[in-house]
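The structure under discussion appears below in the form of structure tokens.
Quantities reported herein were computed from a predicted structural model and do not represent experimental measurements. Throughout, residue positions are numbered sequentially from 1 according to the sequence presented.
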Amino acid sequence: MRTIHEAARQVPVVLEAEVVVVGGGPAGIAAAVAAARTGARTLLVERYGFLGGAGTAAAVTNFCGLYAVVDGTPVRVVRGIASEITEALVKRGAAVEPQPAVGGKTAVVPYDTFAYKRVADELVLAAGVQLRFHTLVVGAVVEAGRIRAVLTESKSGRQAIAGAVFVDASGDADLAAFAGAPWEKGDAQGFLQFPTMMFRLGGVDDRLAEAEGVPRLRQLLLQAEAEGAFRFPRLSVIVRPQPHAGEWRANMTRIHREGRPIDGTDVDDLTYAELEGRRQVDLYAEFLRTYVPGFAASYVIEAAPQVGIRETRRLLGQYVLREEDVLGQADFADAIGCNPWPVERHTADRETRWAWIPGRGYHQIPYRSLLPRGVDNLLVAGRCLSADAVAQSSLRVSGPCFAMGQAAGVAAALCAQRGVRPAELDVAQLQYRLRQQGAWI
């Protein structure tokens, strides 16, 4: 590969905080708010001009993994900061809690994207968090196993932000990778779950769609293919109503590159995925208008600003959460929250494979899965936690990400205040502080 020589330069340290959080999705929002409420000077760095992560940038438009369904009844198991957000959205008339999903086997909370951005703004600012939007973390300064500062790029140029303790809520384990923490990507065969470009539709006849359209979706997809009108990249699709009349979300597309999974850390793959995702939005929107009752007058309100990535790097931390932990309802002495979402694998055969957590419907998340090896002052929260590929397919959704983020934020603040490494923190004290903040462990 050709290279060029870049001259050495002095990078100004423009900001400093006790806790620096990288990434403003569910994990990052919860981490920043929790750290600030625990008394730490906290800074949140986000690459976009708004918070919400995949929930806004990828237009997921519903929170998954807040509820377990036990004997047909939804039971809320992720609380704390996540509850504050959903309650604020419900008060605005911008969320429905809960909505049955996947044939009633689980429950989600659909929300209005703009309202979520505003609720997140208000929550973070009220907690006293300093925000840094439009800022991409591109490196780390590491000395003797400790991160001294993150390197950033923005319209203001290359800058550094110093901190005592850092939380990587980037989704891609960007900071962990820059700092030299070990990670892995894909399953034993290197397979990464296929991404999706979400889209929203307006002009839907709600009654007709619920009664006649959605119950026949798969049959109609197969009929359209049999008639030669369409060929679909995905058959396991989800189309559900949003809080406002006539507006529906569509989780239908599946993006691969000649059968190969998209790597969300490769810019060429991401470029291809955006173009292919929008092509598939057109394809499925036309199918809905042509074949599905209730959608004849529908139109695309919005395709997501970015493709929705399900899986990239996963931390190799002090404990690697396993498939058998998820499906076995595992408990841990160092638990910091719960996850009720089933294993959800987006596979190469156009289907989505589900495996449900039996019994009580959830497992606990161990604190050790947030702790990297080899970096003393870093915690990781969100879909890049330390887990195997199958377990990650359950834990990557917003509910457990909120739980992990709140735990990482409290832990980071306590470590900064006490001058201890995250691995040395008294977990019982962390659990006590989490319960004080309304979390359910």
Between the side chains of [X] and [Y], is a donor N or O closer than 3.5 angstrom to an acceptor N or O?
X    : Y    : answer
Q436 : Y432 : yes
D71  : T73  : no
Q437 : Q406 : yes
S170 : D172 : no
Y367 : Q318 : no
S236 : R254 : no

Indicate the atoms forming the closest heavy-atom contact of [X] with [Y], along with that distance.
X    : Y    : answer
C338 : V78  : O-CG2, 3.4 Å
A381 : A408 : CB-CB, 4.0 Å
A35  : A413 : O-CB, 3.6 Å
V204 : A209 : CG1-CB, 3.8 Å

Are [X] and [Y] within salt-bridge range, i.e. N to O under 4.0 Å?
X    : Y    : value
R368 : D334 : yes
R345 : E323 : no
E311 : K185 : no
E84  : R37  : yes
R314 : D187 : no
E122 : R118 : yes
D174 : R313 : yes
E258 : R260 : no
E225 : R350 : yes
E143 : R146 : no

Whether [X] side chain and [Y] backbone form a donor-acceptor pair below 3.5 Å:
X    : Y    : value
Q364 : F332 : yes
N62  : V60  : yes
Q431 : A333 : yes
S386 : S369 : no
S398 : C64  : yes
E274 : T271 : no
R47  : G23  : no
R200 : I301 : no
T312 : G264 : no
N339 : P400 : no

Flag the pair [X] / [Y] as yes when at least one side-chain heavy-atom distance between them is below 4.5 Å, and no otherwise.
X    : Y    : value
V300 : V281 : yes
V142 : V375 : no
Y319 : R322 : yes
R132 : L44  : no
L434 : I441 : yes
L371 : L379 : yes
R257 : I262 : yes

### Task
Output, in order, the C-alpha distance, side-chain angles, deciding distance and verdict of ring pair (Phe, Tyr, Trp, His ring centres under 6.0 Å) for W248 and F295.
CA-CA 10 Å; W248 286 55; F295 290 86; 5.5 Å; yes
### Message
Less than 6.0 angstrom separating the ring centers of F194 and H346, yes or no?
### Response
no
### Query
Do the two ring centres, one from F133 and one from F50, sit under 6.0 Å apart?
no
### Task
Apply the test side-chain contact (heavy atoms from CB on, under 4.5 Å) to residues L136 and T152: give CA-CA distance (whole Å), side-chain angles for both, the deciding distance (0.1 Å), then the verdict.
CA-CA 5 Å; L136 188 66; T152 68; over 6 Å; no
### Message
Please verify the inter-ring angle class for F232 with Y284; under 30° counts as parallel, over 60° as perpendicular, anything in between as tilted.
### Response
parallel
### Message
Run the salt bridge (Lys or Arg N to Asp or Glu O under 4.0 Å) test on R396 and E344 for me, step by step, so that the C-alpha distance in whole Å, both residues' side-chain angles and the decisive distance to 0.1 Å come before the verdict.
### Response
CA-CA 10 Å; R396 62 178 173 75; E344 179 192 349; 3.3 Å; yes
### NZ or CZ of R76 within 45° of Y67 ring axis and under 6.0 Å
yes
### Candidate pair R234 and N251, rule side-chain hydrogen bond (donor to acceptor under 3.5 Å, both in side chains), full reasoning
CA-CA 10 Å; R234 176 178 170 188; N251 181 346; 2.8 Å; yes
### Task
Would you please test W440 and Y362 for ring pair (Phe, Tyr, Trp, His ring centres under 6.0 Å) and show each step?
CA-CA 12 Å; W440 194 72; Y362 67 86; 5.5 Å; yes
### Residue list, ring-ring contact (aromatic ring centres under 6.0 Å, His included) with F114, at least two apart or on another chain
none
